[in-house]
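Everything on this sheet refers to the single structure shown next.
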Amino acid sequence: MASSLKGPTPQQHDGSALRIGIVHARWNSTIIEPLLKGTKDKLLACGVKEKNIVVESVPGSWELPIAVKSMYSASQVQASSAGGGSAGDLLASSTTDLTALSSSTASAPFDAIIAIGVLIKGETMHFEYISDAVSHGLMRTQLDLGIPVIFGVLTVLNDDQAKARAGLLSGSHNHGEDWGSAAVELGVKRGA
Ligand SMILES: O=c1[nH]c(NC[C@H](O)[C@H](O)[C@H](O)CO)c([N+](=O)[O-])c(=O)[nH]1
């Protein structure tokens, strides 16, 4: 694969005080799983504590914006009722369904939320409509809520493009790593 000028220039930031949410779709799970692993591994490498990473899943990418909003809102409600508290040691890391969030996740505000999905072009216009709606929905959610929402949605034209961006092909890069870095950077800068 020819080398490209494209790609982020990540910065080094200390994520040890951050609380990060991850919401991922279950569609195309053979691509979702390595993306999720790459994201989590990068968060841990940046010092984010395992117990401060909360993971939830939804059926597909269409549900990501509302799931991000629900994750944010549930943590805000719990944080206010529990008297706030730092991101510190208040959380149990768990892979929970969205409905379980309000009961199972301890209270502390999120510093950033990462939305992960994989949209692969099919025969119809379904791909275009979902891609457009989800990208605009996630952008609106972060601006409305004032919390960084990292765009971790692949919109690809075929399976090989998806595999390449999940780091599954020889010499390919797992884009989840970039999303983890972005979440830490924005989380740190937001709290600065
Ligand atoms: O995450 C995805 N959801 C997809 N559809 C499901 C959609 O996101 C919703 O979950 C569903 O429409 C129910 O609301 C996809 N396709 O249809 O191709 C896809 O490629 N990726």
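Predicted model only: the values in this text are computed from it and were never measured. Counting starts at 1 for both ligands and their atoms, in listed order. Only heavy atoms go into these numbers, but all of them, side chains included; no hydrogens, no water, no symmetry mates.
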Are the side chain of [X] and the backbone N or O of [Y] linked by a donor-acceptor pair below 3.5 Å?
{"X": "E33", "Y": "T30", "value": "no"}
{"X": "R190", "Y": "G146", "value": "yes"}
{"X": "K121", "Y": "T124", "value": "yes"}

Nearest protein heavy atom with distance in Å, relative to [atom]:
{"atom": "atom 10 (O) of ligand 1", "answer": "E63 OE1, 2.7 Å"}
{"atom": "atom 19 (C) of ligand 1", "answer": "W27 CE3, 3.3 Å"}
{"atom": "atom 12 (O) of ligand 1", "answer": "H126 NE2, 4.4 Å"}

Taking only heavy atoms of [X] into account, list the atoms of ligand 1 that are under 4.0 Å away from them.
{"X": "I120", "answer": "20 (O)"}
{"X": "N28", "answer": "19 (C), 20 (O), 21 (N)"}
{"X": "I130", "answer": "5 (N), 7 (C)"}
{"X": "W62", "answer": "7 (C), 8 (O), 9 (C), 14 (O)"}

Just by distance, no angles: are the side chains of K189 and Q11 close enough, under 3.5 Å, to form a donor-acceptor pair?
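The criterion, which ignores hydrogens and geometry beyond distance, is satisfied for Q11 and K189.
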Answer with side chain, backbone, both or neither: which part of L119 has a heavy atom less than 4.0 angstrom from an atom of ligand 1?
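Contact part for L119 vs ligand 1: both backbone and side chain.
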For I32 and W27, run side-chain contact (heavy atoms from CB on, under 4.5 Å): C-alpha distance rounded to whole Å, both residues' side-chain angles, the deciding distance at 0.1 Å, then the answer.
CA-CA 8 Å; I32 289 286; W27 259 74; over 6 Å; no
Here's a test for you: under side-chain contact (heavy atoms from CB on, under 4.5 Å), which of T39, L43, N174 qualifies with W179?
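Result for side-chain contact (heavy atoms from CB on, under 4.5 Å) with W179: T39.
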Short N or O distance, V118 and ligand 1, threshold 3.5 Å exclusive
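Right, the criterion is met.
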H126: partners by ring pair (Phe, Tyr, Trp, His ring centres under 6.0 Å), with sequence neighbours left out:
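Counting only residues at least two positions away or on another chain, H126 forms no ring pair (Phe, Tyr, Trp, His ring centres under 6.0 Å).
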